[in-house]
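Beneath this line is the structure, given in structure tokens, with notes to follow.
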Amino acid sequence: MTLQTTMQAATRGRWAVAGIFLANGFLTGSWAPQIPVFLTRLDITRFTLGLLILLFGVGAVISMTWCGHLISRHGSRTVTRWFGVCGSFGLLIVALAPNVPLAAIAMLIFGGSIGGMDVAMNSNAVVVERRLSRAIMSSSHGFWSLGGFAGGALGGYSIQNYGYLPHAVAVTAIAFAVIAFAIRHLIAEDRPQAVEHQKFTLPRHTAVYLVGLMALLTMISEGAVLDWAALFLHQELGADLAVAGLAYAAFSGVMALMRFLGDGVRNRFGAVATLRGSALVAAAGMLVAGLSPSPYLAIAAFAFCGFGIANMVPIIFSAGGNQEGMSSGTGMSVVTTMGYSGILVAPSAIGFVAEHSSFGPIFVALSGLLVVVLLMAGLAHRAEFAPEPLPAE
């Protein structure tokens, strides 16, 4: 295989993994406007909804735990294909659930497929970065946010005008089509790396867990906007469903824009400085959202928060994948699992608190978690290292 052919395959693989990120974000963003309907359709309390969201997170964490082992045996390309195809049907299964017990099973399956897809596609993005010898992580997450923006922006309107079930069918068809096309062009890692994780062991380096903690705190905030912003606007600020869906759409849209610009910003100012500035902006936006008296101010504040959060996760993930004394896969698996526990599991605790309180103070408290990330930003210095190219075949 010539160098030119290898680079062409890597370029196709770069756009293929971008398509997987896009589809994953679209499925996740399409779930956000379904949540108020899900609550009323099943006639459940916020606490019960929080438990169902917890099952989504449990499914995701279980699949994430096994995903590293599956990738070590079969490679990120194959595992991305498996979870991608399964994940495209996740939202439809949830929408078809007629009662709480079946909804619980559906949420477990949905979370498992989305979580496994997440780890696999991030791992494949690292493979592409090494093959191209340049960073693509921020822009890959940009495609995720772009998908989330499309799902959130179109979801509220579609549900209000056509119903929740036709919306879920349309989302499934679109996601499946994108994934089916993209998985044909994914690239695989070299064979020596495929046997790296045959036996599961936890890293002994404290630093990787502190980086994982930063990911956790950041993605708790991101998960709170995904799962509760629409309900906050609808139930507490009086917005209709179409307007309520714009909260996550604005958050994701601004995140998408900033993530496409993120690699350039990071190259100019450095990973640590970019992370500090981003955390400060995100904390300010979350604070204003929690104190907002009107839905439109809250939407603008969530958008400003997205402006800050946009490049925090890619920088933290890069730091996790470049930890000294361990493979990039090991560091990535720890940081990814801890981080996505925030976006998938922690919102259920927010549902419990919201049952006895309002959402405003919760969002104010979340701004404090982002300040903690600001104070810990120096731990992301490992993200300053450029990805190393793979040896020639």
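Atom set for the values below is all heavy atoms of this structure, side chains included, hydrogens, waters and symmetry mates excluded. Residue numbers start at 1 and run along the sequence shown.
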Find out whether [X] and [Y] are in side-chain contact, i.e. whether some heavy atom of one side chain is under 4.5 Å from a heavy atom of the other.
X	Y	value
Phe302	Phe363	yes
Val335	Ile316	yes
Val225	Met286	yes
Ile315	Met137	no
Val288	Leu291	no
Ile183	Arg77	no

Give the C-alpha distance, both sets of side-chain angles, the deciding distance and a yes or no for side chain to side chain contact (heavy atoms under 4.5 Å, CB included) between Phe83 and Val119.
CA-CA 10 Å; Phe83 280 108; Val119 174; over 6 Å; no

Of the options Val127, Leu22, Thr80, Asn124, which is the one that meets Val17 in a side chain to side chain contact (heavy atoms under 4.5 Å, CB included)?
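The side chain to side chain contact (heavy atoms under 4.5 Å, CB included) with Val17 is passed solely by Asn124 among Val127, Leu22, Thr80, Asn124.
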
Which residue in the set Asp240, Leu246, Ile299 passes side chain to side chain contact (heavy atoms under 4.5 Å, CB included) when paired with Leu233?
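For Leu233, the side chain to side chain contact (heavy atoms under 4.5 Å, CB included) test succeeds with only one of Asp240, Leu246, Ile299, which is Ile299.
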
Shared hydrophobic cluster for Phe251 and Leu280 (ILVMFWY, side-chain gaps under 4.5 Å)
no

Is there a path of hydrophobic side-chain contacts, each under 4.5 Å between heavy atoms, that joins Ile220 and Phe56?
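Yes, Ile220 and Phe56 fall within the same hydrophobic cluster.
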
Verify the ring-centre separation between Phe149 and Tyr248: is it less than 6.0 angstrom?
no

His167 and Tyr162 aromatic centres sub-6.0 Å:
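No; Tyr162 has its ring centre 6.0 Å or more from that of His167.
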
Cut-off 3.5 Å, side chains only: do Arg81 and Ser76 have a donor facing an acceptor?
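Checked: Arg81/Ser76 side chains show no N/O donor-acceptor pair below 3.5 Å.
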
Residues 96-110 side chain polar contacts: donor-acceptor under 3.5 Å, at least two apart:
residue : atom : partner : partner atom : Å
Asn99   : OD1  : Leu102  : N            : 3.0

Working for side chain to side chain donor-acceptor pair (under 3.5 Å), residues Ser278 and Arg266:
CA-CA 11 Å; Ser278 297; Arg266 177 173 150 192; over 6 Å; no

